Amino acid sequence: MEKFLIYGNTRLSGEVSIGGAKNAALPIIAATLLVKGVTTLNNVPDISDIENLCEILECLGVHIQRTEQHTLVIDATRLKTTHAPLDLTSRFRASYYLLGSLIGRLGKGEVGMPGGCAIGQRPIDQHIKGFEALGCTVDTTHGKIAVKSKKLEAATIYFDVVSVGATINNILAAALVPGTTTLYNVAKEPHVVDVANFLNSVGADIVGAGTDQIIINGVKSLKKNCTYSIVPDQIECGTFMIAAAATHGDVLIKNCIPEHMDSLTAKLIEMGVTVESENDTIHVTCNKRLTPTNITTLPYPGFPTDLQSPMGVLLSIADGTGIITESVWESRFQYVDELNKLGADISVSNSTAVFNGVEKLYGAPIYASDLRAGAALIIAALVATGYSELYNIHYIDRGYERIEEKFKQLGARIERLDEEEEI
Ligand code: EPZ
């Protein structure tokens, strides 16, 4: 296991380039199963979640080559099974996207039941609601989800909860089903739109992604030998915007989509940060102690839950009291205990955290509990006086590509060490 050694009192400055979105790349890689041939994906982040999903696809008979650092060539001409290995898929939540693709291509599929995780129970009832509406039977006994159908039929599906995963999974399942499937009360995140854009780029007929209603006109087959580039990562971009603000820095963020960041940009400006957006860049500068704000996490275009913990760092050093209400996940404040170890003054009650801003944080040993909390703790350690050791950084590597290298480019003193290595 590894840890980060991070020196504080850092003021980030310079330029950083944003990679492809993890939460778009994962479902799009699964979606390539719907193509009976080769698909090339560019701007794919080099992170462990992608590695894990590719390992699972190889078990299904798919051939995958990472021909360049951010390019995957995926050949799904022949599948040798519809049963993904339960041990691999049950450990890795996004493997449930394979169900949608396997249903779409072969009318059946089986993956391990995804567990909950640090942030909450993470049910899949809405995924199943859609699959059953499309004519599938779903068996969730014995630690797996086994889906099969005699004949898939177009359907109208009204989700009870706005769910990124359920929205995407049912787009995948319906893409090749004859007739018109309509999804209501859907997620509108940029990564949902990117999945629909990918499928349309290979011949699908999907209308309305990014709105409250998605219409899927099933097509007979998808085009082979196409190339698609993954959308820039909204959450990685937001992580660096907040890091620039927290360290009173001056950072130019490149290869991003400013309008995807609108809810965060509005909050940063409200707190006193200077944010200037132009084409595919965002320039963030801050040279004063910020005033606090209140935040409630919501489905897109609301404030993203995945930026809640980095924002908590900003509120912990603001000049006053700020409040965060986490409305998406039931337990996404584990990072608060770690910030309080650094000298923050935060109290949590159910889904609300109250941040009484302090002037200084002080370095200490801290522990990541999930990938976004881990990224937030890097920001806190960069702000703190003295040095910090951040453990459990494997969580961070799941969703951020060599994050320490990008922070080093901005002037941070951060080293990746073996956990046992003495300072
Ligand atoms: C995706 O998770 C992201 N993961 C999460 O990012 C993100 O936090 C989440 O969307 C919300 O934006 C990926 O895309 C791989 P949901 P997902 O289904 O799809 C409830 C990260 O850090 N729900 O939109 O699992 C659920 O309990 C990760 O990159 C049901 O009730 O999230 C939650 O309260 C962490 N039934 C809400 O919906 C269901 O069948 C939103 O969950 C499904 C979800």
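Bear in mind the structure is a predicted one, so any value in this text is a computation, not a measurement. Order of appearance sets the numbers: ligands from 1, and atoms from 1 within every ligand.
Among residue pairs with one or both ends in residues 131-184, none qualify as ring pair (Phe, Tyr, Trp, His ring centres under 6.0 Å); sequence neighbours excluded.
Scanning for side chain to side chain contact (heavy atoms under 4.5 Å, CB included) contacts around Ala209 gives Val193, Ala196, Ile214, with sequence neighbours left out. Residues satisfying the side-chain hydrogen bond (donor to acceptor under 3.5 Å, both in side chains) criterion with Thr321, sequence neighbours excluded, are Asn356.
Asp370 and Gln334 share no side-chain donor-acceptor pair at under 3.5 Å.
With a 6.0 Å radius and a threshold of 12 heavy atoms from other residues, nucleotides or ligands, Gln65 has its CD atom at or below the threshold.
Within 4.0 Å of ligand 1, protein heavy atoms come from Lys22, Asn23, Arg93, Tyr96, Ile119, Arg122, Pro123, Ile124, Asp125, Gln126, His127, Val161, Val162, Ser163, Val164, Gly165, Thr305, Asp306, Val328, Trp329, Arg332, Leu371, Arg372.
Note that the CZ atom of Arg105 and the OG1 atom of Thr82 stand 11.5 Å from one another [nearest 0.5 Å].
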